[in-house]
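Computed from a prediction, not measured in an experiment: that's the story for all the values here. Convention: sequence-line order gives letters A, B, ...; per-chain numbering from 1.
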Amino acid sequence: MRKELEKTYDPVQVEDRIYDFWLKGNYFAAKADPAKKPYTIVIPPPNVTGQLHMGHALDETMQDILIRTRRMQGYAALWVPGTDHAGIATQIVVEAALRNNEGKTRYDLGRERFVRRVWDWKELYGNRILKQLRKLGSSCDWSRERFTMDEGCSEAVKEVFVNLYNKGLIYRGNRIINWCPRCTTALSDAEVEYKEQPGHFWHIRYPIKGTSKSLVVATTRPETMLGDTAIAVNPNDERYKSIVGKTAILPLVGREIPIIADDYVDMDFGTGCVKITPCHDPNDFEVGKRHGLEEILIMDENACINKNGGRYFGLDRYAARKQIVADLEKEGYLVKIEEHSHNVGECYRCKTTVEPIASRQWFVKMAPLAKPAIEAVENGDVKFVPERFSKIYINWMNNIHDWCISRQLWWGHRIPAYYCDDCGEMTVSKETVNVCPKCGSNHMHQDEDVLDTWFSSALWPFSTLGWPKKTADLDYFYPTTTLVTAYDIIFFWVARMIFSGLEHTGKPPFKTVFIHGLVRDAQGRKMSKSLGNGIDPLKVIEQYGADALRFALATNNSPGNDMRFSDEKVEASRNFANKLWNAARFVLMNLHGEETALPAHLTLDDKWILSKLNNVVADVTANIDKFELGIALDKVYSFIWDDFCDWYIELAKIRLFAGGEQAEGASRVLVYVLDKILKLLHPFMPFITEEIWQSIPHEGKALVVAPYPEYSEALNFAADEEDMNLIMSAIKEIRAKRAAMNIPLSKKAALFIETDKPETFAKGAEFFKRLAGVSEIEIERELSVANALTMVVPSAKLMIPMNELVDPEKERARLNKEKAAAENEITRCESRLNNEGFISKAPAKLIEDERKKLASLKEMLDKINDSLAKLGEIK
RNA sequence: GGGGGCAUAGCUCAGCUGGUUAGAGCGCUCGCUUCACAUGCGAGAGGUCGGGGGUUCAAGUCCCUCUGCCCCUACCA
């Protein structure tokens with residue numbers, strides 16, 4: 001017994017139940033199957049601290065559309081889920097909880113206990129976001145859920161670290177890095193966001209020793225002068241040639257510092273003199289190395305002045321700045337202050353201004369890794385969609401610096417380097433080192449630092465499949481097929497996966513990178529916590545359903561471009577779901593048996609809808625192959641709403657209500673087409689399609705694993721489509737005419753059709769009656785009807801004797817307007833066909849179409865003229 | 001300083017390798033309680049595809065240029 005469907009679709013009643021049904025059927029599980037082709041996506045692992053936001057919703061929707069399509073197409077479609085330990089982000093969250101709940105810092109607990117706390121926290125909340133993904137309908141293989149700090153991923157991290165170290169591609173060195181004083185850790189270049197900020201240019205006078213002269217330097221960070229160890233000028237600067245080699249006296253400090261010449265200095269900028277602070281500026285650091293300058297670090301890990309700062313010791317960097325400026329002024333060294341806007345770097349996690357500081361850190365040597373990673377994209381092994389992102393990627397890779405990978409955090413992969421307390425030897429090893437291989441001492445300690453979070457996510461496509469072990473999964477599913485992500489994460493993640501995959505597995509980690517844009521609010525602003533303009537996907541799902549949310553995200557969205565999100569958009573999507581629901585209700589209400597195959601006899605409207613469907617299948621498949629998901633969905637949408645619901649169902653009613661064999665035939669075609677519709681739409685709107693599909697006659701256990709439709713030449717009825725189009729445009733014309741003249745369809749009237757294709761129109765006789773308010777119909781090659789409303793359409797003249805409703809003058813005006821339009825088109829057509837260039841160079845098909853069009857137009861013009869003449873007679 | 005994007009109907013946006021009369025959703029107007037659906041049905045109004053130039057038989061689509069927004073990237077103190 002079939003269950004009756006409700007009048008309005010209620011996603012809340014359906015979605016969780018359907019998701020459970022999928023889980024129970026184990027339909028998302030993928031296994032290596034030699035009989036199938038693999039299709040693999042690894043999820044961009046959301047932070048364990050994360051809450052599902054619209055960006056995730058878009059990203060997961062895109063992935064799910066792809067994976068569901070391929071699964072139905074018979075691929076071994078694997079979508080690997082998981083989360084990222086998100087070093088800084090997670091540590092911040094747990095530290096905040098610790099502070100708020102217990103008033104403690106991580107130092108109060110100590111490293112070991114703190115890390116255990118984070119694990120506890122992860123166990124408690126870490127799966128929240130993955131549960132939220134289920135609400136969206138994500139068809140991940142949950143049996144393969146991974147975590148960047150689980151055992152396997154951690155093994156991979158150690159393996160990679162040791163390999164790179166042994167190849168000399170990881171080194172430890174003292175260099176200028178970006179330091180976040182709030183997180184008290186080093187950051188990579190990618191983790192710093194630059195913002196244009198108003199600031200000042202302080203011009204400071206440095207006396208030259210043994211003279212009464214002085215030099216003026218300009219700086220945006222006066223506090224760094226405490227660490228100055230030279231003044232530099234350009235060697236070609238005539239102004240300063242005489243003083244190069246002399247000594248300057250550092251104001252406030254009194255230190256004697258050399259005046260040096262270096263090409264780095266731009267003569268035309270500022271005063272042409274630059275203070276050199278090797279420990280607090282990357283350029284100065286290089287200058288310092290070139291000239292063997294003293295390196296004086298003046299800040300501690302909290303960006304407070306350290307003991308090298310003399311009387312400023314202990315002051316925070318900004319307090320120190322204020323004090324130093326005041327002192328400079330007091331002592332007469334401050335020449336002037338200028339307004340100056342400049343780029344200030346911020347920590348991408350906590351937005352604190354970062355400090356460039358010389359520090360001993362671990363780095364990945366990038367040049368040798370970048371080269372093959374660039375080539376892989378250049379030679380097409382890895383393709384970006386849209387293509388323009390490959391340029392952005394290559395550009396970035398070409399200018400990449402060594403990657404600072406050590407973080408002074410507690411939450412993360414600890415660096416596998418061990419130091420001997422006795423002889424100082426360092427040993428890098430996958431295994432814990434308890435005995436110094438050099439001196440045999442057992443006084444060993446491991447490096448305190450952890451690795452950049454992105455170091456482990458860079459390995460995600462292969463670490464999740466078992467690497468470094470040679471697993472069957474790795475062999476089968478790797479390289480993965482498609483990576484789906486937003487453009488803002490290309491540098492952090494995509495680039496690093498590419499060089500890591502190439503270096504460690506010898507293969508690029510994926511074939512295609514499918515890039516989408518960001519989801520913005522209705523005003524086009526980025527959704528953010530601080531603005532409070534974020535729309536919660538879970539609330540949208542509660543209100544409208546996950547299918548509606550997915551539809552709203554996928555429709556009218558083109559690769560790589562940002563999109564706006566609004567309630568209206570979801571409402572429209574919800575309405576579409578309801579439309580489909582009701583179409584299905586109708587089909588069910590008129591069901592004749594459980595047959596799923598097409599009936600032997602097909603009518604004109606049957607052939608028309610089947611032929612259209614067939615083409616939609618081909619188009620949509622092609623669009624999805626090209627990642628044109630928005631276009632694909634649009635085609636499915638208009639086929640369902642415009643062709644199936646508005647036309648085919650209405651036409652089918654004729655036979656359904658007539659009963660008997662006719663009704664059965666129509667019913668079976670309805671079921672057949674609906675089945676295909678549900679399959680085409682399923683990747684986009686999985687819940688409602690599965691729910692409906694389970695209710696209609698079907699083959700197989702679940703739509704989620706039902707075979708995806710394919711184009712079939714046997715269902716190509718091009719000629720019938722054309723015939724149907726003639727009838728449809730005639731029906732539309734009559735409706736338009738009636739609407740314009742305020743004659744409701746309920747007011748029936750006779751219809752006379754003069755046409756040279758009487759057989760064609762005869763096939764649609766009943767259609768006119770049903771859809772155009774026609775009571776009786778006569779179709780002839782030659783017809784003359786007095787006092788009739790006349791409409792000229794391709795291949796036919798339609799006449800409705802309704803003289804009492806026709807104002808001859810208005811009718812004449814209308815016909816004249818049509819005549820002018822037709823003549824206009826004819827002129828265009830003719831001039832085109834008379835154009836020699838067009839005839840000789842345009843494709844034959846196009847010329848042929850143009851000729852047909854001209855003939856048809858001329859025929860219509862004749863008929864219009866004829867009608868005008870008749871109108872004259874009547875008058 | 002480099003690189004990229006966007007500009008199409010009142011609003012938000014599609015429009016693939018150039019090819020009929022440029023599309024959708026929302027909004028708007030008119031008419032419909034028609035036996036799946038008013039979260040609906042039918043009919044409409046609304047666009048010099050940012051300006052200018054070029055290539056082509058043919059340009060919203062390709063090239064150049066200008067204008068206006070937006071983003072990324074970069075060590076000018």
| Does B:A14 have OP1 or OP2 sitting under 4.0 Å from an N or O in the side chain of A:Asn561? | yes

| query | If you check the A:Ala572 side chain, which of B:G25, B:C75, B:C57 turns out closest? | reply | B:G25

| task | Tell me what A:Phe389 touches on the nucleic acid: a base, only sugar-phosphate, or nothing, going by heavy atoms under 4.0 Å. | result | nothing

| said: Distance check, C1' atoms only: B:U29 and B:U20, in whole angstrom units. | reply: 29 Å

| A:Asp567 CG to B:G27 P, straight-line distance once rounded to whole Å | 13 Å

| Whole-Å distance separating the CG atom of A:Asn234 from the P atom of B:A77 | 17 Å

| If you check the A:Asn556 side chain, which of B:A36, B:C13, B:A77 turns out closest? | B:C13

| task | Could you state the atom-to-atom distance from CZ of A:Phe565 to P of B:C26 in whole Å? | result | 15 Å

| note | Atom OH of A:Tyr9 and atom P of B:U39 are separated, to the nearest Å, by 18 Å

| message | By the 4.0 Å heavy-atom rule, please label A:Glu286 as base, sugar-phosphate, or nothing. | response | nothing

| message | Using side-chain heavy atoms (C-beta onward) and a distance below 4.5 Å, is A:Tyr240 in contact with A:Ile259? | response | no

| task | Nearest 0.5 Å please: distance from the CG atom of A:Leu846 over to the NZ atom of A:Lys853. | result | 10.0 Å

| query | Between A:Asn561 and A:Ser558, is any side-chain donor less than 3.5 angstrom from a side-chain acceptor? | reply | yes

| remark: A:Arg574 CZ to B:C26 P, in whole Å, measures 11 Å

| request: Go through B:A36, B:C57, B:G4 for me and flag the one nearest to the A:Ala842 side chain. | output: B:C57

| task | Sticking with atom P, work out how far B:U8 lies from B:G47, rounded to a whole angstrom. | result | 14 Å

| query | In Å, rounded to the nearest 0.5 Å, how long is the span from CE of A:Met62 to CG of A:Leu553? | reply | 7.0 Å

| said: Just by distance, no angles: are the side chains of A:Tyr348 and A:Glu191 close enough, under 3.5 Å, to form a donor-acceptor pair? | reply: yes

| Which stems does RNA chain B form, counting runs of 3 or more consecutive Watson-Crick or G-U wobble pairs with both distances under 3.5 Å? | B:1-7 with B:67-73, B:10-13 with B:23-26, B:28-32 with B:40-44, B:50-54 with B:62-66

| query | OP1, OP2 of B:C41 versus side-chain N and O of A:Lys579: anything below 4.0 Å? | reply | yes

| Can a cation-pi geometry be assigned to A:Arg550 and A:Phe684, taking NZ or CZ under 6.0 Å from the six-membered ring centre and within 45° of the ring axis? | no

| Hey, does A:Ala583 reach any base, or is it just sugar-phosphate, or nothing, if we go heavy atoms under 4.0 Å? | base

| message | Side chain of A:Asn578, heavy atoms from C-beta onward: which of B:C26, B:C57, B:U39 has the nearest atom to it? | response | B:U39

| query | Quick one: is B:A43 close enough that its OP1 or OP2 comes under 4.0 Å of any side-chain N or O from A:Arg735? | reply | yes

| request: Mind checking A:Lys391 for me? I need base, sugar-phosphate or nothing, with any heavy atom below 4.0 Å counting as a touch. | output: sugar-phosphate

| said: It should be established whether A:Asn575 places a side-chain nitrogen or oxygen under 4.0 Å from OP1 or OP2 of nucleotide B:C37. | reply: no

| field | Same-atom distance (P) from B:C64 to B:G5, integer angstrom | value | 11 Å

| task | Side chain of A:Phe586 only, please: which of B:G19, B:G25, B:A36 is the nearest? | result | B:A36

| query | What is the nucleic acid contact for A:Asn835, judged by heavy atoms within less than 4.0 Å: base, sugar-phosphate only, or nothing? | reply | sugar-phosphate

| field | Rounded distance in Å - CD (A:Glu196) to C1' (B:C71) | value | 15 Å

| task | Kindly give the heavy-atom pair with the smallest separation between A:Ile298 and A:Thr224, and that separation in Å. | result | CD1-CA, 4.1 Å

| task | Decide yes or no for A:Lys626 and A:Ile624: does some side-chain heavy atom of the first lie under 4.5 Å from some side-chain heavy atom of the second? | result | no

| How many Å lie between NZ on A:Lys275 and P on B:A77, as a whole number? | 12 Å

| Interatomic spacing from OG in A:Ser188 to CZ in A:Arg496 - rounded to 0.5 Å | 4.5 Å

| request: Determine whether any donor atom in the side chain of A:Glu650 lies under 3.5 Å from an acceptor atom in the base of B:A36, or the reverse, and answer yes or no. | output: yes

| Under 4.0 Å between a side-chain N or O of A:Thr220 and OP1 or OP2 of B:A77? | no

| message | Using every non-hydrogen atom in the two residues, find where A:Leu857 and A:Cys829 come nearest and quote the distance to one decimal. | response | CD1-SG, 4.2 Å

| said: When you compare the side chains of A:Asn557 and A:His516, does any donor N or O come within less than 3.5 Å of an acceptor on the partner? | reply: no

| Whole-Å C1' distance, B:G23 and B:C32 | 26 Å

| If you pin A:Asn582 and A:Ile392 to their nearest nucleotides in RNA chain B, which one's is more 5'? | A:Ile392

| task | Report the nucleotide, chosen from B:G31, B:C13, B:C75, that has the shortest atom-to-atom distance to any side-chain atom of A:Pro282. | result | B:C75

| A:Lys852 side-chain N/O to B:U20 phosphate OP1/OP2 under 4.0 Å | no

| Does the ring of A:Phe551 carry A:Lys569 above it, NZ/CZ under 6.0 angstrom from centre and within 45° of its axis? | no

| field | Euclidean distance, atom CG of residue A:Asn623 to atom C1' of B:G15 [Å, nearest integer] | value | 12 Å

| remark: Judged by nearest nucleotide, the residue sitting upstream toward the 5' end of RNA chain B, A:Tyr487 or A:Asp268, is A:Tyr487

| message | Classify the ring geometry of A:His340 against A:His342: parallel below 30°, tilted from 30° to 60°, perpendicular beyond 60°. | response | tilted

| message | Work out how far the C1' atom of B:G46 is from that of B:C35, and round it to whole angstrom. | response | 36 Å

| Distance only, no hydrogens: is a donor on one side chain within 3.5 Å (strictly under) of an acceptor on the other, for A:Asn835 and A:Arg832? | no

| request: Go through residues 634-649 of chain A and report each residue with a non-hydrogen atom lying under 4.0 Å from RNA chain B, sorted by number. | output: A:Tyr637, A:Trp641, A:Cys645, A:Asp646, A:Ile649

| Nearest-Å distance once atom P is located in both B:U17 and B:A38 | 42 Å

| Using atom C1' of each nucleotide, how far apart are B:C30 and B:A45 to the nearest Å? | 10 Å

| Which part of the nucleic acid does A:Pro843 contact within heavy-atom distance under 4.0 Å: base, sugar-phosphate only, or nothing? | base

| task | For A:Ser558, answer base if it contacts any base atom (sugar-phosphate contacts may also be present), sugar-phosphate if it contacts only those atoms, and nothing otherwise; contact means non-hydrogen atoms under 4.0 Å. | result | sugar-phosphate

| task | Could you work out the separation of B:U48 and B:G31 based on their P atoms and round it to a whole Å? | result | 29 Å

| message | B:C13, OP1 or OP2 - any side-chain N/O from A:Arg564 closer than 4.0 Å? | response | yes

| task | Remember a base hit wins even if backbone is also touched, and classify A:Lys7 as base, sugar-phosphate or nothing at under 4.0 Å, heavy atoms. | result | sugar-phosphate

| message | Students often get this wrong, so: under 4.0 angstrom with heavy atoms, is A:Val587 touching a base, only sugar-phosphate, or nothing? | response | nothing

